[in-house]
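Worksheet for the structure shown next.
As the structure lists them, so they are numbered: ligands from 1, and atoms in each ligand from 1.
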Amino acid sequence: MKKTLKCKHCGNEDLFYTKEKYKGEFEFCMDKEGNPVFNADIHEGATYELRSKYIFCRECDKRVCRIDEFESGEE
Ligand SMILES: [Zn+2]
């Protein structure tokens, strides 16, 4: 049986989140006067890295469980 998330604080079973950040680099295009030119691929090449070890409840913002515990399926 697949483990499911449920907030033991408020009972929410629908919406959860993890905290993440991303970093990356891109080529910022400008014209000969230094004015920025529309950059369509500004987020291409960005890498996302996990910032938190926990899954949080979207409803009450409390910790629900550790991400690694949830993924391993252990209580
Ligand atoms: Zn909750």
Side-chain angles (χ1 to χ4, degrees):
M1 186 177 151
K2 196 177 191 321
K3 189 176 182 182
T4 56
L5 291 168
K6 180 176 180 177
C7 177
K8 58 177 175 281
H9 303 285
C10 72
N12 165 45
E13 294 180 78
D14 295 320
L15 291 171
F16 304 90
Y17 65 94
T18 57
K19 293 179 179 174
E20 294 178 38
K21 64 179 178 180
Y22 71 88
K23 63 181 178 182
E25 59 184 55
F26 61 96
E27 293 172 356
F28 187 85
C29 299
M30 65 183 79
D31 64 16
K32 66 185 181 204
E33 293 175 338
N35 298 311
V37 176
F38 178 68
N39 287 274
D41 299 324
I42 197 165
H43 286 119
E44 196 171 274
T47 55
Y48 291 80
E49 57 185 52
L50 213 56
R51 199 174 75 194
S52 74
K53 292 187 170 71
Y54 297 94
I55 297 170
F56 294 86
C57 173
R58 186 76 260 177
E59 296 295 324
C60 68
D61 291 327
K62 292 197 169 78
R63 289 176 187 173
V64 177
C65 68
R66 286 175 59 104
I67 294 167
D68 52 4
E69 286 177 357
F70 178 66
E71 290 180 341
S72 69
E74 293 167 14
E75 288 295 333

Without placing hydrogens or testing angles, list every side-chain donor-acceptor pair under 3.5 Å for residues 5-17, not counting sequence neighbours.
| unit_1 | atom_1 | unit_2 | atom_2 | d |
| --- | --- | --- | --- | --- |
| His9 | NE2 | Arg63 | O | 3.4 |
| Asn12 | OD1 | Asp14 | N | 2.9 |
| Asn12 | OD1 | Leu15 | N | 3.3 |
| Asn12 | ND2 | Leu15 | O | 2.7 |
| Tyr17 | OH | Asp61 | OD1 | 2.8 |

Quick one: do Val64 and Tyr54 end up in the same hydrophobic cluster if we chain Ile, Leu, Val, Met, Phe, Trp and Tyr together by side-chain heavy atoms under 4.5 Å apart? no
With sequence neighbours excluded, tell me which residues meet salt bridge (Lys or Arg N to Asp or Glu O under 4.0 Å) with Arg58. none
Quick one: pull up CD1 in Ile55 and NZ in Lys19 and give me the separation to the nearest 0.5 Å. 13.0 Å
So do Thr18 and Phe56 actually touch side chain to side chain, heavy atoms under 4.5 Å? no
Which protein N, O or S atoms lie under 2.8 Å from the Zn ion (ligand 1)? Cys7 SG, Cys10 SG, Cys57 SG, Cys60 SG
Any chance you could measure Asp68, atom CG, to Arg66, atom CZ, to the nearest 0.5 Å? 4.0 Å
